**Q** 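Pasting a structure here, questions to come.
The structure displayed is predicted, hence computed values, not measured ones. Chain identifiers are assigned alphabetically (A, B, ...) following the order of the sequence lines, protein sequences preceding nucleic acid strands; residue numbering begins at 1 within each chain.
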Amino acid sequence: MSYISLSDRDKKEMLARLGLSSMKELFTSIPDSIKLNRDLNIPDSKTESELVSHFKDIADRNMDQNYLSFLGAGAYPHVIPSVVDYLASRGEFVSPYTPYQPEVSQGTLQIIFEFQTLLCQLTGMDIANASLYDGASGAAEAVLMAHRLKRKSKVLLAGLIHPQYKEVIHTYTRNLGIRIEEVGFSSDGFVNDADLQKKIDAETSVVITQSPNFVGVIEDLESISKTAHANGALSAVVISEPVSLGLLDSPGNLGADIVTGEAQSFGIPQSFGGPFLGFMACSKEFIRQFPGRIAGETVDVEGKRGFVLTLSTREQHIRRERATSNICTNQALCALRATIFLETIGKEGIRELAWHNVQKANYALEECVKISGIEKKFSGAFFNEFVLEFGKPVEDVNIYLKEQGITGGLDLEKFYPELKNCVLFCVTEIHSKENIDRLVRTLKEALNS
Amino acid sequence: MIREPLIFEISDEGKRAYALPKLDIPEKKDVLQDVRTRKDIEGFPQVSEIEIVRHFTRLSQTNFCIDIGFYPLGSCTMKYNPKINEKIASFPGFSHSHPFSPEELVQGNLEILKTTEELLSEITGMDAFTLQPSAGAQGELVGMMLIRAYLEEKGDPRKIVLIPDSAHGTNPSSAHLSGYRVQEIKSNEQGTVDVEDLVRAMNDDVAALMITNPNTLGIFESDIKKICAIVHEKSGFVYMDGANMNALLGECRPGDMDVDVIHLNLHKTFSTPHGGGGPGSGPVGVKKVLDPYLPIPVIERRKDSSLYFNLDRPKSIGRVQSFYGNFLVVVKALAYILSLGPNGLKEVAEIAVLNANYLRKSLEGEYHLKYKTPTLHECVFSDKFQKEHGVQNIDIAKRLIDFGVHPPTMSFPLIVHGALMIEPTETESKKDLDLFIEAMKRISKEAQENPEVLKEAPHTSYMRRLDETKAARESVLRWRPEEKEAPQNKE
């Protein structure tokens, strides 16, 4: 297939206009010594129908779609109203560039403005940006932002932040003279307050906590923020499951200074991990150190309200090496999906959605712990994920579940060696009672076989 | 056209656009123990489904996009986005896949990633690729971190990164994030890297040179091998920003130019849609020597030909992204590469360069061209001639909107004052190029005869020129309910 729009006659005419007789002559500025002078060794072109059958075959090799899954851990299965796909696939949203020309980009800009507002409402913060890559790089940007604001050398990470987010924080900070220490967790699944008190000091820029945390437990953000502030540090909160914000008190209300995270749950399919949707919100006093694009309200020469990208003196294309972040392309189309999702779900819907998640997950947990050989690992209240401790290796149980057509939970020992035989399950509104009961029955067979 | 209010302004209590099924399990009120919950979120929207559909449909109609018309945004490669690629990426086998699914159940996904890495290696002449970076800027960061990790292991990470004055803003920003000080290299009168300046600047403190080729003027750095040799002689690395790879497909390969690291923009060269600013994908290719430092996980093949994620890479710089990058963007790019094949990719470069040179030739004389050096896929004019009549590049750009064309990139690269950077891409027809040429000529005439019409442009768009100073000064960055100030914030 070719997507060229020039006819042979066009090509001839255009070459003639340039005084050239062949395409080759267009490339005389490339020295012969580095010319390829052979065909690329890649497969021959395919027509549309060949392409479809080729990729159908590959997609069919992903057997996971035939399994009942209880995986979460940073990528969550949720309902996606049909209007999301319908509207988000419009060419006017899919095929423009970043809205640098506001006169012809009001759609994108107004949607960013609405997205920022929705994220502020959910997080309880003053300002939000137009998106970041994902929750992990969002967490890293939050650490960098706090470091710029406080200019102190130390960062405290809650041990139950998503392990991959922690890895990304380490990667982003490794060359910048930032010292990272981890705060342990308590036996009931919270940030260990004694350890936090012990490790926080005047050199700490920020305490960064995830809630609900990686094991699903809802942290006491108010207490952590108080501790941070009492020691002159900022409190940054990571949200990997933002549906929780429909029900839980907002981080802003609980003292957070920066809220960042992953908004894949809002209308974005699991997509084997990407593209997802990083977001960040903060108090307005920190705006100068805030990373990423921001849309703002203004008027045109006729006095009509419109929107533009603003405060760009923070950004790389203006400030170059002194920018607040190197981010340029972000996840705009994912932010559009989230905006459609949230506006469709609405005020009652977001609360109901969150409530269904809590209810279903609690039902699943209660049914599971009735099985002998299964214990609830952490006592803290949780949102839609919980940890079970099995009487035998998780791998053995998961093999049995797989034979029965179920993808079990995530084996936590890989991430936390101390959590031997522990497994993280995610249950959301998409799981019916029948799905959950099937899981419970199968677990019972697995544990008692 | 109807002026579409903010969704919050059309919201009213009790309206709904979606309903969940009734809970099919016994409801328990006390499950959250003593956790603090919130009341309804004040101001959160409540609308009906048709209101949602009209809201977004009307907003969409105020956007210009490739599907509507010519979008010659220099350095952004705004080519047509084939629709079949969207369809393929939406196959449930890809889009519903959980990233923690057991590897044996997602062999199709791993095959997509592995194949794309291999094809990109062949296309660029590099030895290995990571697909993890989400965009070009994150690719740059990864590339610089790889270089730093290697140098650190050899005992000295060095201090400086050299960057030409024509480079994208992300280059210095990414170098800085990798812990380096940026030193600028001057462009010469031909618009290419001043080799003498490079020789003077290159020493044992320099970790790398970041170079864009073809550069942001659209000019191929013909001395690239010599440039690489100068940097390599002092044991530095050459990082190539591959944003302009569209011009080189099938013609020559960065690997053969002796470049050590490169990033590509799948959302430029490989046709994945820009989506109003993302998601993109910024794969990084390296020569063998930097392979051990690539981000984890790395996909490898077992003896039984099954694929797996290898996490056991002790020298790796770590992760830059959760999971495996923007996977569905990679699916689209792979579909594009396979649909075009070797001849199709070469044709992309040929026609992109033909179209750009046709525009350049047709507008030369009418608009000032600072550098006369031959160009490939784009060219950079300036407003120098029109300034004599008080007309600036922004006026020219905004007037183009009235002719149904998206403005070119403005005021970049920084070495051309009043720049108008034009990249037509290969997918445009001669008819559309001719319409653009005609519009540009008419604008040049208007600049002489009626400059006011340009300064007040655009005249026909949904919005007229917007007050960006007011936006920055007043910083209204979100909607708030009218009756109360800051209803739910902590201050």
**Q** Which answer fits B:Ser362, side chain, backbone, both or neither, if we ask what part of it has an atom under 4.5 Å from a heavy atom of chain A?
**A**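 Both parts, backbone and side chain.
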**Q** Who among A:Gln116, A:His317, A:Arg90 has the most heavy-atom pairs with chain B under 4.5 Å?
**A**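 If we count pairs closer than 4.5 Å to chain B, A:Arg90 comes out on top.
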**Q** Less than 4.5 Å to any heavy atom of chain A: does that hold for the side chain of B:Ala175, its backbone, both, or neither?
**A**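 Contact with chain A: none, neither part.
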**Q** Given that the side chain runs from C-beta out, which part of A:Thr310 has a heavy atom under 4.5 Å from chain B: side chain, backbone, both or neither?
**A**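 Contact with chain B is through the side chain of A:Thr310 alone.
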**Q** Could you tell me which non-hydrogen atom of B:Phe44 sits nearest to which non-hydrogen atom of A:Leu122, and how far apart they are?
**A**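 Looking at all heavy atoms of both residues, the closest pair is CE1-CG, 3.9 Å.
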**Q** Between B:Tyr358 and chain A, which part of the residue has a heavy atom less than 4.5 Å away: side chain, backbone, both or neither?
**A**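 For B:Tyr358, heavy atoms of backbone and side chain both lie under 4.5 Å from chain A.
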**Q** Could you report the tightest heavy-atom contact between A:Gln359 and B:Glu27, atom names first, then the distance?
**A**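 Scanning both residues, the minimum pair turns out to be OE1-CA, 3.4 Å.
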**Q** Could you tell me which residues satisfy side-chain hydrogen bond (donor to acceptor under 3.5 Å, both in side chains) with A:Lys11, sequence neighbours excluded, listed by chain and number?
**A**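 Scan of A:Lys11 (side-chain hydrogen bond (donor to acceptor under 3.5 Å, both in side chains), adjacent residues dropped) gives none.
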**Q** Considering non-hydrogen atoms only, spot the tightest contact between B:Ser173 and A:Gln316 and give its length.
**A**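 Closest pair (atom of B:Ser173, atom of A:Gln316, distance): CB-CB, 3.8 Å.
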**Q** Would the number of heavy atoms belonging to other residues, nucleotides or ligands and lying under 6.0 Å from NZ of A:Lys304 be above 12?
**A**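 For A:Lys304, atom NZ is crowded (more than 12 foreign heavy atoms under 6.0 Å).
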**Q** Heavy-atom pairs under 4.5 Å with chain A are the metric here; pick the option from B:Pro407, B:Gly280, B:Pro374 that has the most.
**A**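 Among the listed options, the one with the most contacts to chain A is B:Pro407.
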**Q** Centre of B:Tyr462's six-membered ring, under 6.0 Å away, within 45 degrees of the axis: is that where NZ or CZ of B:Arg3 sits?
**A**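 Geometry flag: set, cation within 6.0 Å and 45°.
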**Q** Pick one of side chain, backbone, both or neither for B:Leu73, based on which atoms fall under 4.5 Å of a heavy atom in chain A.
**A**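 B:Leu73 touches chain A through side-chain heavy atoms alone.
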**Q** Which bit of B:His168 comes within less than 4.5 Å of chain A, counting heavy atoms only: side chain, backbone, both or neither?
**A**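 Contact with chain A involves the backbone of B:His168 alone.
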**Q** Is chain A contacted by the side chain of B:Phe94, its backbone, both, or neither, given a heavy-atom distance below 4.5 Å?
**A**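 Both parts, heavy atoms under 4.5 Å.
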**Q** Heavy-atom cut-off 4.5 Å, strictly under: side chain, backbone, both or neither for B:Leu338 against chain A?
**A**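 For B:Leu338, heavy atoms of backbone and side chain both lie under 4.5 Å from chain A.
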**Q** Could you look at B:Leu345 and say if it's the side chain, the backbone, both or neither that has a heavy atom under 4.5 Å from chain A?
**A**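 Looking at B:Leu345, just its side chain touches chain A.
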**Q** Check each atom of B:Lys398 against the heavy atoms of chain A and say whether the ones under 4.5 Å are side chain, backbone, both or neither.
**A**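 Just its side chain gets close to chain A.
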**Q** Got a sec: does the NZ of B:Lys87 have more than 12 other heavy atoms crowding it under 6.0 Å?
**A**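 Not buried by this count: 12 neighbours or fewer within 6.0 Å.
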**Q** Check whether A:Gln164 reaches the backbone of B:Phe323 with its side chain - one donor and one acceptor, N or O, closer than 3.5 Å.
**A**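 Confirmed, A:Gln164 side chain pairs with B:Phe323 backbone.
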**Q** Test the A:Lys56-B:Phe91 pair against the cation-pi criterion, namely NZ or CZ under 6.0 angstrom from the six-membered ring centroid and within 45° of the ring axis.
**A**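 Ring-cation test returns yes.
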**Q** Below 4.5 Å from any heavy atom of chain B, which atoms of A:Arg17 appear? Answer side chain, backbone, both or neither.
**A**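 Contact with chain B involves both backbone and side-chain atoms of A:Arg17.
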**Q** Checking B:Glu49 against chain A: side chain, backbone, both or neither under 4.5 Å from a heavy atom?
**A**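 Contact with chain A: side chain only.
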**Q** Considering only heavy atoms, which portion of B:Tyr71 lies under 4.5 Å from any heavy atom of chain A: side chain, backbone, both, or neither?
**A**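 Answer is side chain: those atoms of B:Tyr71 sit under 4.5 Å from chain A.
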**Q** Do B:Ser178 and A:Asn175 have a side chain donor and acceptor closer than 3.5 Å?
**A**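 No, no side-chain donor-acceptor pair sits under 3.5 Å.
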**Q** Taking every heavy-atom pair that is under 4.5 Å apart, which of B:Pro458, B:Gly136, B:Gly344 has the most such pairs with chain A?
**A**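 Option with the top pair count is B:Pro458.
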**Q** Looking at B:His267, B:Gln321, B:Lys225, which one has more heavy-atom pairs under 4.5 Å with chain A than the rest?
**A**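 Going by pairs under 4.5 Å, I would pick B:Gln321.
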**Q** Going by salt bridge (Lys or Arg N to Asp or Glu O under 4.0 Å), name the residues that satisfy it together with A:Glu429, two or more places apart in sequence or in a different chain.
**A**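 Applying salt bridge (Lys or Arg N to Asp or Glu O under 4.0 Å) to A:Glu429 gives none.
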**Q** Name the member of B:Gly93, B:Gly318, B:Ala135, B:Ser174 that forms the most heavy-atom pairs with chain A at distances under 4.5 Å.
**A**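 Counting heavy-atom pairs under 4.5 Å, the top option is B:Gly93.
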**Q** Identify which part of B:Ile351 has an atom lying under 4.5 Å from any heavy atom of chain A, answering side chain, backbone, both or neither.
**A**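 Side chain of B:Ile351 only, per the 4.5 Å heavy-atom cut-off to chain A.
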**Q** Does any backbone or side-chain atom of A:Thr28 lie under 4.5 Å from a heavy atom of chain B? Answer side chain, backbone, both or neither.
**A**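 It is neither, since no heavy atom gets under 4.5 Å.
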**Q** Any chance CD of A:Glu48 has more than 12 other-residue heavy atoms, nucleotides or ligands included, within less than 6.0 Å?
**A**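 Count not over threshold, so no.
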**Q** Heavy-atom pairs under 4.5 Å with chain B - which of A:His170, A:Lys433, A:Met63, A:Arg293 has more of them than the others?
**A**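 Among A:His170, A:Lys433, A:Met63, A:Arg293, the one with the most close pairs to chain B is A:Lys433.
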**Q** Select, from B:Lys361, B:Glu426, B:Arg148, B:Glu111, the one with the greatest count of heavy-atom pairs under 4.5 Å involving chain A.
**A**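 Heavy-atom pairs under 4.5 Å are most numerous for B:Arg148.
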**Q** Under 4.5 Å heavy-atom distance to chain A, tell me which part of B:Ile317 shows up: side chain, backbone, both or neither.
**A**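 Both the backbone and the side chain of B:Ile317 come within 4.5 Å of chain A.
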**Q** For the candidates B:Arg253, B:Lys470, B:His176, B:Arg465, which exhibits the highest count of non-hydrogen atom pairs separated by less than 4.5 Å from chain A?
**A**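 Highest number of heavy-atom pairs under 4.5 Å: B:Arg465.
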**Q** If you compare all heavy atoms of B:Leu340 against all heavy atoms of A:Ser45, which two are closest, and at what distance to 0.1 Å?
**A**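 Closest pair (atom of B:Leu340, atom of A:Ser45, distance): O-CB, 3.2 Å.
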**Q** State, with a plain yes or no, whether a side-chain heavy atom of A:Leu248 is found less than 4.5 Å away from one of B:Arg36.
**A**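 No. Closest side-chain heavy atoms not under 4.5 Å.
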**Q** Tell me, for B:Arg464 versus chain A, whether the close heavy atoms (under 4.5 Å) come from the side chain, the backbone, both or neither.
**A**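 Contact with chain A involves both backbone and side-chain atoms of B:Arg464.
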